Enquirer: 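Pasting in a structure now, in structure tokens, and then I'll have a few things to ask.
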2 protein chains.
Amino acid sequence: MTRKNQYHHGDLKNALIQAGIEILSREGVNGLSLRKVARRAGVSHAAPYAHFADKQELVAAISTEGYKEIYERVYGAVQRHQGEPLRQLVEAAWAYVEFALNDPDHFKITLSGAVEKEKDYPALVEITQKSFNLVVELVAAAQRAGILRAGPPDLMAVSVWGLVHGFTLLILEDQISHTVLDRYKLKEMLIFSLDQITTVDIDPQAFI
Amino acid sequence: MTRKNQYHHGDLKNALIQAGIEILSREGVNGLSLRKVARRAGVSHAAPYAHFADKQELVAAISTEGYKEIYERVYGAVQRHQGEPLRQLVEAAWAYVEFALNDPDHFKITLSGAVEKEKDYPALVEITQKSFNLVVELVAAAQRAGILRAGPPDLMAVSVWGLVHGFTLLILEDQISHTVLDRYKLKEMLIFSLDQITTVDIDPQAFI
DNA sequence: CTCAAAATTTGACACTGTCAAGATTGTAGC
DNA sequence: GCTACAATCTTGACAGTGTCAAATTTTGAG
């Protein structure tokens with residue numbers, strides 16, 4: 001049986017990642033410590049060092065997991081609305097925002113580059129590029145449909161992703177004046193933002 | 001003489017904030033510790049507690065300082081191009097990006113909501129709102145000039161700020177594929193993004 | 001000059017990331 | 001089966017951290 005490593009714990013590496021994600025959503029970024037992760041996984045405080053060189057590497061793994069979930073959510077939205085480029089754009093963006101709202105600290109640690117640039121974590125780099133390519137495809141389809149203006153799709157992808165990412169962060173970090181927030185629903189606001197960048201007028205009612 | 005507090009150190013509170021900002025740009029977010037800040041200011045490890053209730057409060061003060069500098073840079077750009085709404089928009093956005101590039105970790109700690117939402121820090125809240133209002137004015141002026149579409153200026157401000165903020169973070173966090181980065185200058189890319197949201201076509205050459 | 005308040009130091013505590021040394025376990029080769 | 005070896009995990013230690021209580025020093029008001 002070529003099962004996964006079944007030494008003492010079974011599959012400690014993933015258990016640690018999972019424990020980290022749980023602590024993250026329960027206690028926030030400041031509550032995340034290697035020792036607490038180990039405790040929650042039921043191993044001694046130095047056990048993680050058999051699987052991660054240091055804390056950064058655990059964080060990188062947690063980030064990778066976060067990226068994967070974002071990718072799946074966004075990809076799901078794209079698949080669900082095949083042939084409707086506008087709807088694809090709106091729902092993909094909304095999926096992104098929804099993940100951030102569901103698990104703010106996991107989202108933050110994933111996208112806020114807590115990972116040092118010096119070392120590179122191959123799995124993280126891979127899913128990062130895969131995600132960017134997804135956006136590029138999404139954007140290219142929208143361009144073909146005349147919903148976004150012409151231009152280099154990768155540059156356009158930066159614009160669209162930037163818009164959505166910035167919107168998400170401003171909401172998450174409570175940077176938006178509450179007099180604004182009280183008057184609009186989040187998805188309405190997101191659509192309003194997307195509306196600025198598209199060539200067609202979006203009817204918010206069609207998406208809420 | 002109603003000079004500032006001239007007890008032992010003189011003006012320790014600001015010295016600590018300054019020391020924190022320096023450590024931040026030298027050693028990054030992970031290198032920032034209360035004790036190191038105290039050491040750099042030449043006081044004992046618990047001295048900061050006379051001026052800050054806890055580390056969060058120091059971070060909040062550093063964030064406030066960061067926000068002030070961003071405000072001044074952006075406000076300066078707005079003043080420098082009075083009567084040229086498009087130029088105002090572009091240069092204000094570029095000022096934002098430039099601060100982030102100059103002092104990435106100060107920018108991150110300022111905008112990445114390291115501050116807990118529970119407690120509120122009045123000075124931070126004030127400069128946050130002041131900054132948002134500046135964007136609203138900037139956007140309203142652009143709308144009057146027909147450069148941005150009509151619509152609630154505060155909503156439009158969220159869109160514009162979101163676009164610029166997202167762009168900045170994606171650059172900062174190295175989230176943009178390098179094959180894209182190599183082909184374009186940053187200001188070019190920023191203008192391309194802004195171009196998507198404006199009603200008029202922007203000539204990048206006019207700004208570089 | 002006195003004295004209380006403000007500012008700072010000293011010492012302690014629990015917690016953290018990390019490493020070295022040892023103990024335990026599974027696996028491969030015989 | 002046995003033996004070696006590598007992977008996995010524990011134990012113990014170290015310096016550094018945030019925070020607090022107590023003692024100390026300094027300041028300015030009366």
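All of these numbers come straight from a predicted model, not from anything done at the bench. FYI, side chains are in, hydrogens and waters are out, and symmetry mates aren't considered; it's all heavy atoms of this structure. Chain A is the first sequence line, chain B the second, and so forth, proteins listed ahead of strands; every chain is numbered from 1.
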Enquirer: Let me confirm one number: the CG-OG1 distance from B:Leu124 to B:Thr128, rounded to the nearest 0.5 Å.
Expert: 4.5 Å
Enquirer: Is any NZ, NE, NH1 or NH2 atom of the basic residue among B:Arg73 and B:Glu69 found under 4.0 Å from an Asp or Glu carboxylate oxygen of the other?
Expert: yes
Enquirer: Do any pairs count as a side-chain hydrogen bond (donor to acceptor under 3.5 Å, both in side chains) and have a residue in residues 78-91 of chain B, sequence neighbours left out, and if so which ones?
Expert: B:Glu91-B:Lys187
Enquirer: Please work out whether the ring planes of A:Trp161 and A:Tyr96 are parallel, tilted or perpendicular, with thresholds of 30° and 60°.
Expert: perpendicular
Enquirer: Starting from C1' on D:dT8, measure out to CG on A:Leu16 and report it in whole angstrom.
Expert: 12 Å
Enquirer: Grab the CG-P distance between A:Leu12 and C:dT24 for me, whole Å please.
Expert: 19 Å
Enquirer: Below 4.0 angstrom from OP1 or OP2 of D:dC9, is there any side-chain N or O of A:His51?
Expert: yes
Enquirer: Can you check nucleotides 13-20 of chain D for protein contacts, nitrogen or oxygen pairs under 3.5 Å, and list what you find?
Expert:
residue	atom	partner	partner atom	Å
D:dT17	OP1	B:Ser33	OG	3.0
D:dT17	OP2	B:Arg39	NH2	3.0
D:dG18	OP1	B:Leu34	N	2.9
D:dG18	OP1	B:Lys55	NZ	3.3
D:dG18	OP2	B:Leu34	N	3.0
D:dG18	OP2	B:Arg35	N	3.3
D:dG18	N7	B:Arg35	NH1	2.7
D:dG18	O6	B:Arg35	NH1	2.9
D:dT19	OP2	B:Tyr49	OH	2.9
D:dT19	OP2	B:Lys55	N	2.8
D:dT19	O5'	B:Tyr49	OH	3.1
D:dT19	O4	B:Arg35	NH1	3.2

Enquirer: Are there over 12 heavy-atom neighbours, none belonging to A:Phe52, within less than 6.0 Å of that residue's CZ?
Expert: yes
